[in-house]
There are 2 protein chains.
Amino acid sequence: MRRDSRLSGVLHVLLHMTEQPGPITSDALARAMNTNPVVVRRIMGGLRDRGLVHSEKGHGGGWMLACDLAAVTLRDVYDALGEPALLAMGNRTEAPDCLVEQTVNAALGETFDEAEALLLRRFEQISLAALCEVFHARLAERGGSLALETTHAA
Amino acid sequence: MRRDSRLSGVLHVLLHMTEQPGPITSDALARAMNTNPVVVRRIMGGLRDRGLVHSEKGHGGGWMLACDLAAVTLRDVYDALGEPALLAMGNRTEAPDCLVEQTVNAALGETFDEAEALLLRRFEQISLAALCEVFHARLAERGGSLALETTHAA
DNA sequence: CACTCTCGTAACATATAGCGTTGCATGAGA
DNA sequence: TCTCATGCAACGCTATATGTTACGAGAGTG
């Protein structure tokens, strides 16, 4: 299967939203990500249910941030996506009768658990506010516009 | 995508081979793994090309170990499988123009790289001989047979 | 009220990758 | 010559991320 890029995608969207005061429509976000509005709504749905963002229908509607950027980490966003699989590999069988396979599972499982724990720990260490800061540092360093419409030409 | 279990599977096979003096057929290995002989040959092909195992056709043929168990690590086996993807997630775009996405990619990419490096490092730290040792320790502790035919009832 | 905008959601299509299965060719031993 | 076993191509199946279309519901505008 293709590699899951939902976390990457939703963070892209969230970071753009921090740079824009008003609500942004799924359509505008979809254009920025070269994808479809429905895909945007799909990945944003989980974040809405968790109260990270808020959506409004009708004229002037769209998506708005609804959380404290300093208090929300990538882990929260990851959870809001439904905690998709982190590793592409896994043990063949969960609870095998075979002692040989139990040995293999134990060794591999420990390694896999370590890697997953590392990822989640790193996610918890990065807040949306921190991402914003890094972005602004890059912006100041390299110059350029911060508007969604400019960075993503229509 | 389904979670890749080739590493888990091939290690199971290799460990069984260390416990058996003569060659083992793909058919016997497939029965032990509740799968198809062709699947066994497929994942073993890479290991054969690297000289980790040797295959013989005809009567009395099958698979044999062809390496120093203490010198071969899980990393070697992983490489022999063709270095399949370790992580189920990735960045949406490799080299985006958007400064926002560059920021997201940098943060996530660093985390992903760390996790991949951890996995490979752990793989390098575990030799086939070490797995064998753990297996024999478990065997002595819990008792039981070590024959493929017994642990995997036909 | 009619119209337009936007989200919410179902339904279906597409692409990829692991896995299973069949068939046949090839080489080795009985 | 027959049987056993690998080598390999060619399918089909399944799961999942992603793309697309269609329609309904709510919210603002004229």
Side-chain angles (χ1 to χ4, degrees), chain A residues 1-10 12-13 17 20 22-49 52-64 66 78 81-93, chain B residues 1-10 12-13 17 20 22-49 52-64 66 78 81-93:
Chain A
M1 178 183 321
R2 208 173 288 161
R3 240 157 143 204
D4 188 342
S5 65
R6 279 176 293 181
L7 184 58
S8 168
V10 78
H12 183 191
V13 161
M17 288 170 66
Q20 184 123 336
I24 315 183
T25 65
S26 305
D27 218 72
L29 292 171
R31 274 196 306 275
M33 299 176 62
N34 286 314
T35 181
N36 196 288
V38 179
V39 176
V40 173
R41 295 195 193 105
R42 200 141 57 192
I43 61 175
M44 294 291 279
L47 277 70
R48 181 193 55 225
D49 297 343
L52 301 185
V53 295
H54 176 72
S55 62
E56 202 78 48
K57 291 181 178 178
H59 278 274
W63 298 93
M64 286 160 288
Y78 166 76
L81 288 177
E83 309 177 34
L86 292 169
L87 302 187
M89 317 182 58
N91 281 327
R92 214 175 56 87
T93 315
Chain B
M1 173 193 333
R2 207 172 289 160
R3 250 161 138 200
D4 187 343
S5 65
R6 279 175 294 181
L7 183 58
S8 168
V10 78
H12 183 192
V13 161
M17 288 170 67
Q20 184 123 334
I24 315 182
T25 66
S26 306
D27 218 71
L29 292 171
R31 273 198 305 276
M33 299 176 62
N34 285 314
T35 182
N36 197 289
V38 179
V39 176
V40 174
R41 296 197 190 103
R42 199 140 59 192
I43 62 175
M44 294 291 279
L47 276 70
R48 181 193 55 224
D49 297 343
L52 301 185
V53 295
H54 175 72
S55 63
E56 203 78 48
K57 291 181 179 178
H59 278 273
W63 298 92
M64 284 159 289
Y78 167 75
L81 288 177
E83 308 177 35
L86 292 168
L87 302 187
M89 316 183 59
N91 282 327
R92 214 174 57 85
T93 316

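Heavy atoms only: backbone and side chains are in, while hydrogens, waters and symmetry mates are out.
- Applying the 4.0 Å criterion to OP1 and OP2 of D:dA5, one finds that B:Ser26 has every side-chain N and O outside that range.
- The distance from atom CG of A:Asp49 to atom P of C:dC7 is 15 Å, rounded to the nearest whole Å.
- Following rounding to the nearest Å, A:Met44 (CE) and C:dG8 (P) show an atom-to-atom distance of 10 Å.
- Here D:dT18 is the nucleotide among D:dT18, C:dG20, C:dG23 with the atom lying nearest to any side-chain atom of A:Asp4.
- Counting distance only, with no hydrogens placed and no angle test, the side-chain atoms of A:His59 and the base atoms of C:dT4 include a donor-acceptor pair under 3.5 Å.
- Summarising the geometry of B:Ser55 relative to B:Arg48, their closest heavy-atom pair is OG-CD, 3.5 Å, with the distance given to 0.1 Å.
- Not one side-chain nitrogen or oxygen of B:Arg41 sits closer than 4.0 Å to the OP1 or OP2 atom of D:dA9.
- Between A:Met89 and B:Ala85 the shortest heavy-atom distance is CG-O, 3.7 Å.
- Of the candidate nucleotides C:dC7, C:dA10, D:dT6, C:dC7 has the atom nearest to the side chain of A:Lys57.
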- Task: Evaluate side chain to side chain contact (heavy atoms under 4.5 Å, CB included) for A:Leu7 paired with A:Ile43, printing each intermediate quantity in order.
- Result: CA-CA 9 Å; A:Leu7 184 58; A:Ile43 61 175; over 6 Å; no

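- When each of B:Leu29, B:Leu47, B:Val40 is paired with B:Val10, the side chain to side chain contact (heavy atoms under 4.5 Å, CB included) condition holds for B:Leu47 and for no other.
- Across all strands shown, A:Gly62 has heavy atoms under 4.0 Å from sugar-phosphate atoms exclusively, and none from any base.
- Across all strands shown, A:Arg42 has heavy atoms under 4.0 Å from base atoms, whether or not it also approaches the sugar-phosphate.
- In this structure, B:Met89 atom CE and D:dA17 atom C1' are separated by 12 Å, rounded to whole Å.
- Rounding to whole angstrom units, CZ of residue B:Arg48 and C1' of D:dA5 are separated by 13 Å.
- For the pair B:Thr35 and C:dG20, the criterion of a side-chain N or O lying under 4.0 Å from OP1 or OP2 is met.
- In this structure, CG of B:Leu7 is placed 13 Å from P of C:dG18, rounded to the nearest angstrom.
- A straight line from CD of B:Glu83 to P of C:dA17 spans 16 Å, rounded to a whole angstrom.
- A close approach under 4.0 Å does occur between a side-chain nitrogen or oxygen of B:Ser5 and OP1 or OP2 of C:dC19.
- Atom CG in B:Leu86 sits about 12 Å away from atom P in C:dG18, given to the nearest Å.
- At whole-Å resolution of the value, CG in B:Asn36 and P in D:dC8 are 16 Å apart.
- DNA chain C is contacted by both B:Arg6 and A:Thr25; A:Thr25 maps to the nucleotide lying nearer its 5′ end (nearest heavy atom per residue).
- When every heavy atom of B:Pro84 is checked against every heavy atom of B:Tyr78, the shortest pair comes out as O-OH, 2.6 Å.
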